[in-house]
Each structure stands twice: as structure tokens, then as C-alpha cells.
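Below is one structure; the comments refer to it alone.
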Amino acid sequence: MINSAPKLSDKEYEENFKELTPPFTKNGAVAEANRCLYCYDSPCKTACPTHIDIPGFIKKIATGNLKGSAKTILESNWIALTCAKACPVEDLCEGACVYNDKDEKPIEIGRLQRYAIDNYFASGMPKLFNSKDKNGKSVGIIGSGPAGLACGAELALLGYDVQIYEGSKIPGGLSTWGIAPYKVRQEDSLKEVELVKSLGVKIKTGIRIGESISIDELLTTYDAVFIGIGLGESSKLNIPGENLEGIVGALSFIENVKKEKWNSVNVGKRVAIIGAGNTAIDAATEAKRLGAEKVNIIYRRSEDEMPANKFEFRLAKDDGIIFHFLTSPTEFFGNHKVEKINCIKMRLGEKDKSGRRKPVAIKNSEFFIETDMVIFALGQQANLDFLNSIPDLKISNGCVIIDEKTYQTNNPKVFAGGDCINGGKETVNAAYDGKQAAHGIDNYLSNKK
Ligand code: SF4
């Protein structure tokens with residue numbers, strides 16, 4: 001057993017994991033909506049990867065038409081609640097709001113979107129869309145994450161029979177299992193799953209393609225197949241000591257936290273996170289909120305190269321996370337369980353193929369960081385064994401290659417979107433991909449160009 005952090009009271013856990021941003025009240029939402037200038041060129045809409053008609057849905061909130069507001073949002077984005085809560089809005093819609101140019105607070109677009117969608121779910125998901133007549137064709141979807149759900153919802157409206165296969169027992173993919181619960185709760189993600197099911201999409205959970213059902217069977221059963229699988233566990237560093245007890249991947253740690261049984265999550269007294277992307281920050285802040293006394297983030301490049309966005313970085317700093325930039329682990333030490341990490345200081349050298357300056361070790365700069373737990377968050381990898389089992393699929397740098405307009409892979413019957421084509425971006429990108437791929441599939445199956 002690792003040297004665990006002391007357990008907190010239920011009240012402390014609830015406080016630590018309560019929502020970061022509270023919902024708007026009715027008056028608050030209307031007042032904020034009335035601040036919108038309804039700009040003719042709506043830069044906020046352009047900055048949204050799903051191009052939601054932002055001034056349009058805000059105007060409807062201002063006039064009390066909440067059902068219409070939800071419809072405007074869902075027309076562009078089926079994963080609207082998760083996106084409202086988890087999108088890096090500072091870098092997207094709110095970052096593009098014209099109020100920034102006046103040095104005033106941008107419109108709280110994410111919170112307003114959440115207000116409209118919360119209201120839609122609270123009012124029992126009234127029917128907003130009419131599906132086309134059934135066209136007799138069917139599509140199998142692998143993965144019930146944002147890409148798979150968005151693709152399924154759109155295809156159902158276009159008249160297709162849609163069957164989603166999900167490996168996990170609970171559907172929703174990354175929204176259900178991979179986003180810190182103080183941003184998105186499982187119940188939020190499951191509401192989105194219910195919405196997609198209400199359109200006629202069927203979801204089978206606990207089904208692993210290649211085990212319970214073969215890929216060949218899928219390709220024979222359905223007129224087209226969409227791959228919307230996410231990524232697997234974090235890569236490792238391949239340095240000595242990686243198999244010591246107390247060294248885990250970020251994904252499994254975050255999944256445990258998402259079960260919301262805080263008391264049963266094993267967290268070290270001192271935790272070190274390797275990596276500095278958004279997943280690393282989620283793991284770090286969750287460890288801290290579970291009671292870890294000291295949480296270190298170790299990153300081999302500088303703050304400027306850190307993949308985590310500004311909001312996540314601020315959140316981690318506010319939580320007291322310690323950042324070790326330009327630092328790389330070289331070995332893990334311990335007697336069966338991890339006790340300390342040998343680290344070396346780095347400097348940035350010449351640019352590498354990715355255009356980023358390559359970290360170079362500084363001689364004689366080694367030092368130890370004492371720790372009881374290590375969480376790897378170095379970027380997740382696609383399940384290449386599975387992807388390679390699909391006939392004719394082209395894969396490069398761990399990503400499925402698609403036609404950017406149609407989302408069709410090298411196998412004409414197979415389409416793909418989300419993390420498996422981009423190596424891991426935001427939920428909103430996956431939601432966009434899924435919707436666009438549905439139209440690619442529709443064009444293919446109806447012989448449209
Ligand atoms: Fe409203 Fe800001 Fe978008 Fe203009 S840029 S339409 S003010 S949210």
C-alpha cells in the first residue's frame with residue numbers, strides 16, 4: 001500500500017468537488033444576455049468550433065424563449081452541456097467576444113449556453129427536431145463519446161438506423177469518464193446520452209469490438225461504420241523504476257475520481273504528475289482536492305510551451321500545485337513502492353520537427369523529488385492494435401487518416417472523427433467531427449457528391 005493522504009469528511013469532499021462555476025439565476029441570465037451587442041459579424045460564432053449561432057441563442061434567452069434558445073444551440077452541437085461547462089471559452093468564443101477589445105468582461109457565453117441547456121433538460125427534453133423518414137440504411141458506431149453521440153444523433157435525424165457500441169458499462173466516453181467532476185458531472189454527460197437515445201439511437205454498452213463482435217461482422221452488418229473511439233492510457237517514459245507500486249496512468253486515476261466515491265480513491269500524501277497538459281492539470285487538482293498534501297507537476301519544457309490552457313494553469317496555481325518546469329524524471333526509486341524521483345534540469349535547445357525547442361539535459365543538475373504516488377499524463381495513445389485490425393485503414397502518428405471534408409477513411413465504408421483522428425483535442429472538436437462525419441456518411445450512402 002502506498003503512503004496515502006488522510007481521508008477527508010464527506011462534507012470536505014463535497015466542498016472540494018463542487019462545481020467551479022455556479023449556474024445563472026433567471027435574472028442573472030437575462031441581465032447577461034441583455035449585455036450582448038448581437039454583433040453582425042459575431043466573432044464569437046466564428047471562434048466556436050461548432051459555429052453555434054451565439055447571438056441568436058443569447059437573444060432568445062433575453063426574450064424568454066428558452067426552448068428556442070436550446071434548439072439554436074443543439075442545431076450546431078449535440079454535446080452542448082458538456083461543452084458549456086468544459087470548453088476552454090477563454091481561448092474560443094469568449095476570447096473572441098468584442099467586449100475584450102473594450103477591456104470589459106466578455107459575455108459569459110458558456111454559462112448562458114449552460115442556462116439554456118439546463119432548462120431544456122429540466123423541462124423534460126421537449127421534442128425540438130423532426131427526423132426524416134427511415135431510409136432503410138444503417139450505421140454502426142464504435143464509441144459513445146462526444147464524436148459517436150454527435151454522429152449518431154445527426155444520422156438518426158437523417159433517417160438512418162444507428163447502433164452505437166460502447167466498451168464501457170456506462171456510455172458517454174470522455175464526458176462521462178475523463179473530465180474533472182467539478183467541471184462536468186457524470187449526470188451531465190448521461191443527460192446528453194439520453195437526448196441522443198431519444199432520437200432513436202440505440203446504444204449497447206460493455207461491448208468491445210474485436211472481442212464480443214468482430215470488425216468484419218460490423219462491416220457486413222452495417223452500410224457504413226463510424227469510428228469515434230477515444231485514446232487509451234498515457235504513454236510512459238521508459239526509464240528505470242516505472243513499474244513500482246504507486247505509479248499510475250492519468251486516465252485510470254481520473255476515471256476513479258469520476259465515480260464520485262471520493263473516499264475510495266487511493267491518493268498519495270505527496271503526488272507527482274508527469275506532463276503539463278489539461279489532463280495533467282485535472283489529475284493534479286483532483287489529487288489535491290482528494291487530500292494530497294503536496295502535488296508537483298513535472299514538465300520538461302518551459303511554461304510557454306506548456307500544453308495546458310490558461311484557465312487550467314490558473315486553477316492549478318490557485319489549488320497550490322507546484323510546477324517544476326524544464327525538469328525531466330530520469331529514474332523512479334523505492335522499495336516496491338515509489339518513494340522518490342530522480343530529476344534533471346533541462347534547457348531549451350534547437351527546434352525539433354514539431355517546431356518546438358527541444359529540451360536538453362543540463363549536466364550535473366540532478367535532484368530528487370520525494371513522492372508517494374506518480375501519475376503519468378504525457379499524452380494518451382490511440383489503440384493501434386484495434387485500429388490496425390480494420391481493413392485498409394491508414395494510420396499516421398497514431399491518428400486515423402481521413403478526408404478532411406467527408407471524414408471518410410481509406411476504407412470507403414469506414415468514417416472516423418474525434419480523438420482518434422486528432423490525437424486528443426477538446427470535446428467541442430469531437431462534437432463537430434461527429435456531426436460533419438454524419439453528413440459525409442449520408443452523402444456516401446445516398447451517392448451524393
Ligand atoms: Fe455578443 Fe460578444 Fe458575440 Fe458580440 S462577440 S455577439 S457581444 S457574445
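Side chains included, hydrogens not; waters and symmetry mates left out as well; all remaining heavy atoms used. The shown structure was predicted, so the numbers you read here are calculated from the model rather than taken from an experiment. For ligands, and for the atoms within them, numbers begin at 1 and follow the listed sequence.
- Two rings, from Trp78 and Tyr432, have their centers 6.0 Å or more apart.
- For atom 4 (Fe) of ligand 1, the N/O/S atoms of Cys39 include one lying under 2.8 Å.
- At the shortest separation from atom 2 (Fe) of ligand 1 among protein heavy atoms lies Cys97 SG, 2.4 Å.
- For the residue pair Ser9/Glu12, the side-chain donor-acceptor check at 3.5 Å is satisfied.
- Residue-ligand proximity, Ile109 to ligand 1, at heavy-atom distances under 4.0 Å covers atoms 8 (S).
- Residue side and main chain included, Cys36 places no N/O/S atom under 2.8 Å of atom 2 (Fe) of ligand 1.
- Of the listed residues (Arg289, Arg314, Lys288), just one forms a side chain to side chain donor-acceptor pair (under 3.5 Å) with Asp319, and that residue is Arg289.
- One side chain, Thr327 or Lys345, offers a donor N or O that lies under 3.5 Å from an acceptor on the other.
- With 3.5 Å as the limit, one finds no donor-acceptor pair spanning the side chains of Gln163 and Ser138.
- Regarding atom 3 (Fe) of ligand 1, its nearest protein heavy-atom neighbour is Cys44 SG, 2.3 Å.
- Taking a cut-off of under 4.0 Å to the non-hydrogen atoms of Val98, the atoms of ligand 1 that pass are 2 (Fe), 4 (Fe), 5 (S), 7 (S).
- The closest protein non-hydrogen atom to atom 7 (S) of ligand 1 is Leu37 N, 3.4 Å.
- Of all non-hydrogen atoms in Glu192 and Ile79, the two that sit nearest each other are OE2-C, 3.2 Å.
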